[in-house]
Each structure stands twice: as structure tokens, then as C-alpha cells.
Amino acid sequence: MMSTASSPAPAPTAVAKDRFGRVISYLRISLTDKCNLRCVYCMPEDMVFRPNSHLMQDDELLLLVRVFASLGFWKYRLTGGEPTIRHNVVEVVRGIAHTEGVRSLSMTTNGILLGELAEPLAEAGLQRVNVSIDTLDPDRFRRITRWGSFDEVWRGLEAAERAGLTPVKINVVVVRGFNDQDVTALAKLTLDHPWQVRFIEMMPFGDVATFAKEQIVTDAEIRARIASEYAGLELIDDGQLDGEARMYRFAGAPGEVGFISSVTQPFCASCNRARLTADGVLRLCLLRDKEIDLLTPLRAGASEDELREMILKAIWWKPWGHGLAEEVIPLTRVMSQIGG
């Protein structure tokens with residue numbers, strides 16, 4: 001069962017720690033590489049996806065969650081592609097939420113299907129959602145997502161709030177020439193809502209790496225634009241990170257504005273996360289191509305103890321951080337194949 005304050009999680013069989021002394025306890029799980037949008041910074045419009053048989057099946061995914069939880073992984077985020085399009089997603093969420101040792105379970109989604117899924121997901125044990133909204137302008141929204149409907153996403157956002165999937169966080173990837181003119185309007189949502197609007201520097205991957213490097217807008221530029229168009233933001237908690245985000249607030253606002261600056265202000269020293277891709281591969285750093293296949297040995301009959309040993313050895317070699325400053329660009333996957 002998902003642990004509560006009155007029901008502490010069992011002690012892990014071992015602790016996943018890397019050679020730099022970081023305890024790795026946060027796993028982002030990609031439920032699928034598929035998506036119902038084609039955002040310009042994420043994947044090509046003609047993206048080809050893996051056959052379902054190559055991806056983790058429900059029982060395989062839940063077994064691996066049980067193994068990770070036994071190693072002290074207590075925080076989980078479900079990603080994609082788009083996680084809500086996975087078949088049986090509500091029951092998958094229920095299975096993860098009821099795994100011993102799982103204390104935090106959230107999801108990053110484009111929000112299109114949240115209108116119908118927010119309530120059943122919350123009932124199954126999902127606690128929070130991050131909804132990707134890169135602009136409030138419906139025409140630009142379609143240009144960025146290629147296929148998306150802003151109205152559907154907004155309805156999903158409202159449904160998430162009604163279902164108690166709070167605090168609601170809005171993820172904004174800022175792309176020069178696409179939505180950089182929208183950052184002030186997005187930040188001002190926090191004046192009327194207790195939401196967290198988080199601006200994310202675009203990161204270079206695979207086939208879209210050149211585009212990403214050319215179109216990046218830094219957090220300093222975003223803050224300067226907001227200050228020139230509306231008002232300055234006040235730093236919260238002396239700049240201490242909230243997860244990956246450095247937090248700010250407009251004076252008197254109920255919500256907060258965050259900046260995830262992976263490129264210009266990397267937070268690698270405090271990184272406590274790993275990623276499990278939809279095809280069952282453990283990725284140690286979002287922006288490094290080093291990976292360890294867990295699904296193949298699982299299907300070949302590896303025991304849970306053997307899988308635990310593989311994970312512990314892999315985590316030990318987690319890299320200190322990305323190599324973007326040295327022009328080391330991850331090339332083997334695009335973002336949708338990793339899970340963000």
C-alpha cells in the first residue's frame with residue numbers, strides 16, 4: 001500500500017547510491033513512447049513508435065516497481081510519450097500506488113485526456129499532475145503541438161484540480177519564435193490560481209537537437225521579459241530548489257513561478273533520479289546515453305534478487321551530470337522515448 005504518516009514504508013533491502021554519495025530514490029517511469037501530440041521540441045511529426053510487444057507489459061512494469069521500491073525508491077512520476085494513452089492506465093496507477101514503499105506518485109501529461117481520467121486516476125492513487133501548456137493562445141498551441149486543442153487541455157487542467165490532483169503544476173517549454181511572447185501571460189496565471197507555472201529550458205535530443213540549441217530561451221531572459229512586461233518576481237527560499245525548479249512569486253500571489261534551467265544552471269549535484277523507459281531500460285541521466293536493459297533479462301527469467309543487483313551496480317555508475325557544455329548531446333533517443 002502507498003505509505004502514510006501512520007504507516008511507514010518498510011526498510012529497503014539495500015539503498016541505491018552512486019559513487020558520488022547521492023542516494024537515488026526517485027524513479028520516472030515512461031508508460032509508453034507513444035503520444036497523441038507531436039510537439040515541435042519533442043519529436044518529428046512522422047515519428048515511428050515501438051511495437052507494444054517491445055514495451056513493458058503491466059505485470060513486468062509492476063514487478064520492476066516492486067524491485068525498485070525494495071531498493072528505497074519511494075518517489076515515482078509517470079511519463080510518456082503521453083502516459084494517459086496507455087491501455088489500462090488507471091489499473092497500472094492503482095498497482096503502483098499499492099506497492100509497498102511507494103509514498104509519492106505523480107504524472108506528467110499533456111492533459112488532453114484528463115477531463116475523463118482525472119477522477120478515476122485520483123481514486124486509483126495518483127496524487128498530483130504536471131500539465132504541459134506552452135501557450136494560452138489556441139492558434140500557437142496548435143502550431144507548437146501540431147495537433148493539439150487548447151480547450152481540451154484547459155478542461156483537463158480544471159478536472160485535475162476538481163479531482164484533488166494538487167498542487168497543479170504547469171510545465172512550459174519555452175521555444176524561441178513559437179511561445180516566448182507568451183511567458184508573461186502564463187506567469188500571471190499564478191495571480192489568480194494556487195498553481196505552479198514552471199518554465200523549462202529546451203534541451204537538445206537526437207533528431208531535434210539542432211532545433212533545440214538554436215531556439216533555446218534562458219531563464220534569465222524569461223525573467224527579464226516578465227519584469228519588463230508586468231512586474232518583477234521575488235525569489236523564494238533564497239533560491240533553494242523545489243525538485244528541479246528554482247521558485248519565484250509575484251508579490252501577494254497565491255501561486256508560484258518556477259524555472260527549470262537544465263542547460264544554463266544545471267542542478268546535477270542534487271540529482272536523485274533515474275528513469276525507466278517504456279521498453280524497460282534504466283537510464284541514469286536524462287542527457288546521457290548510458291543505459292542498462294532490464295526488460296530483456298526479466299523476460300529471460302532473471303530473479304528479483306538478480307534484477308536488484310543489476311540496478312544497484314548501474315546506479316553506482318550514474319554520471320555526475322550532463323555534458324552539454326562540452327557539446328555532448330544525447331543522440332540515441334528523443335524526449336518521448338525517455339520520459340522527461
Side-chain angles (χ1 to χ4, degrees), residues 39-42 77 108 110-111 128-137 139-141 143-145 150 153-154 157 166-205 208-209 211-271 273 286-287 321-322 324-325 335 340:
C39 296
V40 295
Y41 52 78
C42 185
R77 174 171 294 279
T108 296
N110 61 30
R128 293 172 302 281
V129 290
N130 289 29
V131 181
S132 299
I133 302 180
D134 295 327
T135 176
L136 301 179
D137 180 274
D139 291 334
R140 278 197 289 276
F141 186 87
R143 183 183 174 208
I144 293 170
T145 63
F150 175 80
V153 176
W154 194 259
L157 183 67
T166 55
V168 170
K169 297 181 181 181
I170 295 175
N171 287 351
V172 184
V173 177
V174 184
V175 185
R176 191 177 307 279
F178 283 80
N179 67 333
D180 49 326
Q181 68 269 57
D182 296 302
V183 296
T184 302
L186 284 157
K188 287 172 70 175
L189 290 174
T190 64
L191 296 172
D192 301 313
H193 304 278
W195 298 343
Q196 190 183 102
V197 175
R198 309 182 337 151
F199 295 106
I200 303 171
E201 289 181 344
M202 189 165 48
M203 291 170 280
F205 282 92
V208 295
F211 172 85
K213 288 193 292 184
E214 291 173 350
Q215 308 304 123
I216 187 173
V217 183
T218 68
D219 81 333
E221 187 175 347
I222 296 168
R223 284 186 284 112
R225 180 161 196 155
I226 293 170
S228 68
E229 294 179 348
Y230 176 66
L233 291 160
E234 302 171 351
L235 188 64
I236 300 173
D237 294 333
D238 295 322
Q240 182 175 345
L241 293 179
D242 176 6
E244 307 94 342
R246 186 168 284 103
M247 303 308 302
Y248 294 77
R249 180 184 285 120
F250 290 121
E256 299 172 343
V257 180
F259 294 87
I260 300 177
S261 312
S262 304
V263 178
T264 62
Q265 297 184 58
F267 39 84
C268 305
S270 61
C271 182
R273 62 194 64 84
L286 175 63
L287 291 164
H322 64 65
L324 295 181
M335 181 73 84

- Message: Name the residue from Ile260, Asp219, Val257 that meets the side-chain contact (heavy atoms from CB on, under 4.5 Å) definition with Phe199.
- Response: Val257
- Find out whether Ile133 and Trp154 are in side-chain contact, i.e. whether some heavy atom of one side chain is under 4.5 Å from a heavy atom of the other. yes
- Item | Heavy-atom closest contact (Phe259 atom, Arg223 atom, distance) | CZ-CG, 3.1 Å
- Smallest heavy-atom separation, Ser132 atom then Val153 atom, equals O-CG1, 4.1 Å
- Begin with the C-alpha distance, continue with both residues' side-chain angles, and end with the deciding distance and a verdict on side chain to side chain contact (heavy atoms under 4.5 Å, CB included) for Asn130 and Arg77. CA-CA 10 Å; Asn130 289 29; Arg77 174 171 294 279; 3.3 Å; yes
- Which heavy-atom pair separates Asp134 from Asn171 by the least distance, and what is that distance? OD1-O, 3.7 Å
- Val172 pairs by side-chain contact (heavy atoms from CB on, under 4.5 Å) with which of Ile222, Ile200, Asn179? Asn179
- Partner of Gln196 under side-chain contact (heavy atoms from CB on, under 4.5 Å), picked from Val168, Leu189, Asp242, is Asp242
- Query: Mind checking whether Thr218 and Glu201 have side chains closer than 4.5 Å, heavy atoms only?
  - Reply: yes
- Would you say the side chain of Lys188 lies within less than 4.5 Å of the side chain of Val197, judging by non-hydrogen atoms? no
- Kindly compute the distance separating SG (Cys271) from CG (Leu241), expressed to the nearest 0.5 Å. 11.5 Å
- How long is the span from the CG atom in Leu186 to the CH2 atom in Trp195, to the nearest 0.5 Å? 10.5 Å
- Quick one: do Leu233 and Phe250 satisfy side chain to side chain contact (heavy atoms under 4.5 Å, CB included)? Show the steps, please. CA-CA 5 Å; Leu233 291 160; Phe250 290 121; 3.5 Å; yes
- Query: Sub-3.5 Å donor-acceptor pair from the side chain of Arg198 to the main-chain atoms of Gly258, do we have one?
  - Reply: no
- Message: In the structure I gave you, are the side-chain heavy atoms of Arg128 and Pro167 within less than 4.5 Å of one another anywhere?
- Response: yes
- Can Arg249 and Glu256 be counted as an ion pair, charged N to O under 4.0 angstrom? yes
- Message: Ignoring hydrogens and geometry beyond distance, is a side-chain donor-acceptor pair present between Asp137 and Gln181 at under 3.5 Å?
- Response: no
- Item | Note, Phe150 side chain near Thr135 side chain (heavy atom, < 4.5 Å) | no
- Query: So how far is it from Leu157 CG to His193 NE2, rounded to the nearest 0.5 Å?
  - Reply: 8.0 Å
- Query: How close do Gly111 and Val131 get, heavy atom to heavy atom, and via which atoms?
  - Reply: CA-CG1, 4.1 Å
- Query: Please walk me through it: do Val175 and Ile144 pass side chain to side chain contact (heavy atoms under 4.5 Å, CB included)?
  - Reply: CA-CA 9 Å; Val175 185; Ile144 293 170; 5.6 Å; no
- Task: Could you pull out the closest heavy-atom pair between Glu234 and Ala251, with the gap in Å?
- Result: OE2-CB, 3.4 Å
- Item | Closest approach of Ala187 to Ile226 (non-hydrogen atoms, all atoms of both residues) | CB-CD1, 3.8 Å
